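Reviewing the structure listed below.
These numbers were taken from a predicted model, which means no experiment stands behind them. Throughout, protein chains are lettered first and strands after them, A, B, ... in sequence-line order, and every chain is numbered starting at 1.
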Amino acid sequence: MHWAHPEANDAIEERGTEHVVACGISPSGPIHYGNFREVATADLLNRAIQRSEAESDLIWISDDFDPLRKVYPFLPEDFEEHVGKPLSEVPDPDGCHDFYSRHFEEPFLETLPVLGVEPEVKRASEMYASGGYSDAVATALYRTDEIAAIIEEVTGRQLPKGWRPFNPICEECGRFADPAGDEYHCGHGHTGNLSEARGKLPWRVDWPARWKILGVTVEPFGKDHAASGGSYDTGRRIARQVFGYEPPHPVVYEQIGLKGEGEMSSSAGVAVTPRQLLRVMEPELMRFVIASTRPKKHIELDLGHGLPRLYDEVDRAEEAWRNDDPGVEATAFALSTVNDVDEMDLPFSHAVNAVQVDPDDPLKVLRRTHHSDHGPRVEGRLRRARNWVEDYAPESFLFSVQEETPDVELTGEQKRVLEAVAEAVERGGGGDEVQNAIYETGNSLDMALGDAFAAVYRALLGQDDGPRAGPFVAALDRDFVIKRFRDVAGTSDG
RNA sequence: GGGCUCGUAGCUCAGUCCGGCAGAGCAACUGGCUCUUAACCAGUAGGUCGAGGGUUCAAAUCCCUCCGAGCCCGCCA
């Protein structure tokens, strides 16, 4: 059983057949694949609920009314002056959007439909500005003592004197200030009246308030919120006791790490955005990696050696899905589909070879090797293979067919291997025949087979190893191969 | 101090929610084969399921205690 279905069924048992699945992100920096796990998890739950014949909507909330916490490494130093202001009121560091949060939100939101996620988008700044939180703020302030008691009891910490469940924005400098009774004191010396100030609920109160305002019934969140005494612990009690709302069914998920670099974190500089990943991963694969892993399990994304394997895995799952296999892998793929996908027979590793054999026209290579050779999906996979070769492929996957005959020294035996291969190709032989010719010639000459294969790679690539020899030679232009081998072997007519 | 995850074959991990003969891939070994960007086929071997206790006709699986590793919370969100 795939994990999304028991979760969906639990939610339906707890809350009935009408659901709102919520997720959200604080756009304080580039929104990366680790953040996408939250949205993807929410989308998977949303789909699973719908597959169980219940109604469900998906909401994505931008926490763009949170303060800018510090000058992150990717910001200019003079952003110090904006620390403490709401993200929706800080300028765009690159100057291309109206303000800070939009700059990071937009590229992320643009990729969501490509990844098959189309949530209703809400923004905290707009919800506060339009009065959506008015009742909640009034309730929270009226019941300050109860909220304070819950937070102090659950977290075991002591709230300061004059604490209020409201973070006011200083009317003079535009930064969040500390409440002190019915007033607030800004760090820059201004004192104002709390009841007249703009502002927001602190996170631990904001979250439960939002559940009620939006009718949230299911919500995935990171394990940082899930720790004992964390914000879900306080939130569930505040929701029930203060707002009279049953908290959503929680689904806790783990972080995503980049192999060799640690957990993704935009402030630590370890972050790959969905847009960057789309250069090398198909949308279905980006979903599948998340869908096929239980949320509480850590994901370690390996874009190097691991990527061809991931493609093989998702291709297998896709095939199982096409065969109506009821297993988890097929279900994970079913939940990962984005658009109708053409059936295709082109392993990623072969695409990687094809774009290197003939960078100008890899389709020609695919025709020679009898793989799928047309359609948007093939083109997409070739494009991603090319990007992978440029950005992530380990050395051992790289080669380049030398346009000019390389100046290589070969033994007499090796030259006879090349001549034998040339003859096999001349006779119209394919991969098997080429592989055979190398093997048999090498054996009949009583030479080390490694040297026989090395001759082929040296003549074509100028290096001692390369892709599996038979199919590789067969993927090349026939006349080119014959000429090259005879040139190198010194058996050409000219 | 608290929470979560992990601990199962040499390695990487399924299986644990919902108890029912201990599993897969890779590695090893045997045989075959066309040594190839982690080649292919057939077969063999490989285990105190981290430790201990409990529940049960039956425990890798449920409960309790403990050990080890990692992450998170105990500022803000």
Side-chain angles (χ1 to χ4, degrees), chain A residues 1-3 5-7 9-10 24-28 63-70 83-84 87 124 151 154-158 160 167 176 178 200-207 221-235 250 252-257 262-263 265 267 292-300 302 304-306 308-309 312-313 316 327-329 348-350 352-353 356 389 393-399 424 431-443 447-454 456-457 461 463-473:
Chain A
M1 178 78 91
H2 188 271
W3 59 264
H5 287 294
E7 292 289 358
N9 292 339
D10 287 352
I25 285 164
S26 186
S28 55
D63 273 306
D64 64 350
F65 209 43
D66 290 350
L68 178 67
R69 256 165 236 304
K70 60 175 186 176
V83 170
L87 298 173
I151 292 177
V154 175
T155 68
R157 99 181 121 112
Q158 180 82 45
N167 297 130
F176 281 99
D178 295 325
K200 72 185 286 291
L201 298 169
W203 170 246
R204 282 177 188 265
V205 185
D206 186 300
W207 201 21
F221 48 86
K223 67 174 177 182
D224 45 349
H225 294 303
S228 171
S231 50
Y232 186 75
D233 252 15
T234 47
V252 178
Y253 66 87
E254 255 284 359
Q255 309 303 115
I256 296 183
E263 303 305 299
S265 149
S267 54
S292 61
T293 311
R294 288 198 310 271
K296 273 191 186 169
K297 291 203 70 164
H298 181 257
I299 292 175
E300 189 83 2
D302 177 7
H305 225 135
R309 286 177 92 76
D312 289 347
E313 203 179 307
R316 270 200 305 279
V328 278
E329 294 294 297
F348 186 73
S349 53
H350 188 65
V352 167
N353 286 340
Q356 295 184 91
V389 165
E395 239 359 63
S396 64
F397 278 86
L398 302 179
F399 63 85
D432 288 348
E433 285 76 11
V434 169
Q435 192 83 12
N436 240 337
I438 301 172
Y439 185 84
E440 284 174 359
T441 310
N443 273 344
M447 61 191 289
L449 280 175
D451 292 339
F453 282 88
V456 171
Y457 297 120
L461 308 174
Q463 60 192 46
D464 279 349
D465 44 34
R468 192 170 162 75
F472 172 53
V473 171

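Distance noted for atom C1' between B:rU44 and B:rA27: 14 Å (whole Å). Taking atom P in both B:rC49 and B:rA59, one finds a spacing of 12 Å when rounded to whole Å. Distance noted for atom C1' between B:rC57 and B:rC41: 44 Å (whole Å). Between the P atoms of B:rA51 and B:rC67, the separation comes to 15 Å (whole Å).
Going from atom NE2 of A:His2 over to atom C1' of B:rC18 covers 17 Å, rounded to whole Å. Rounding to whole angstrom units, OH of residue A:Tyr253 and C1' of B:rC71 are separated by 14 Å. A straight line from CG of A:Asp233 to P of B:rC72 spans 19 Å, rounded to a whole angstrom. The distance from atom CD of A:Gln435 to atom P of B:rC33 is 15 Å, rounded to the nearest whole Å. When rounded to the nearest whole Å, the span between NE2 of A:His305 and P of B:rU12 equals 17 Å. Note: CD (A:Glu263) to P (B:rC71) measures 8 Å, nearest angstrom. Nucleotide B:rG70 holds its C1' atom 9 Å from the CD atom of A:Glu254, rounded to whole Å.
At a threshold of 4.0 angstrom between heavy atoms, the contacts of A:Gly229 with the nucleic acid are absent. Residue-level contact check: A:Pro202 touches the backbone only, with heavy atoms under 4.0 Å from sugar-phosphate atoms and none from bases.
Pairing for B:rA38 is absent, with no Watson-Crick or G-U wobble pair whose two atom distances lie under 3.5 Å.
A donor-acceptor contact under 3.5 Å is not formed by the side chain of A:Lys223 with the base of B:rC73.
If you look at A:Phe399 and A:Tyr457, their ring centroids are not closer than 6.0 Å.
Annotation: of the two residues near RNA chain B, A:Arg294 and A:Tyr457, the 5′-most nearest-nucleotide partner is A:Arg294.
Minimum atom distance to the side chain of A:Ser228 is reached by B:rG3, of the listed B:rG3, B:rU34, B:rA77.
Side-chain atoms of A:Gln435 do not come within 3.5 Å of backbone N or O of A:Arg468 as any donor-acceptor pair.
In this structure A:Asp451 satisfies the salt bridge (Lys or Arg N to Asp or Glu O under 4.0 Å) test with no other residue, sequence neighbours excluded.
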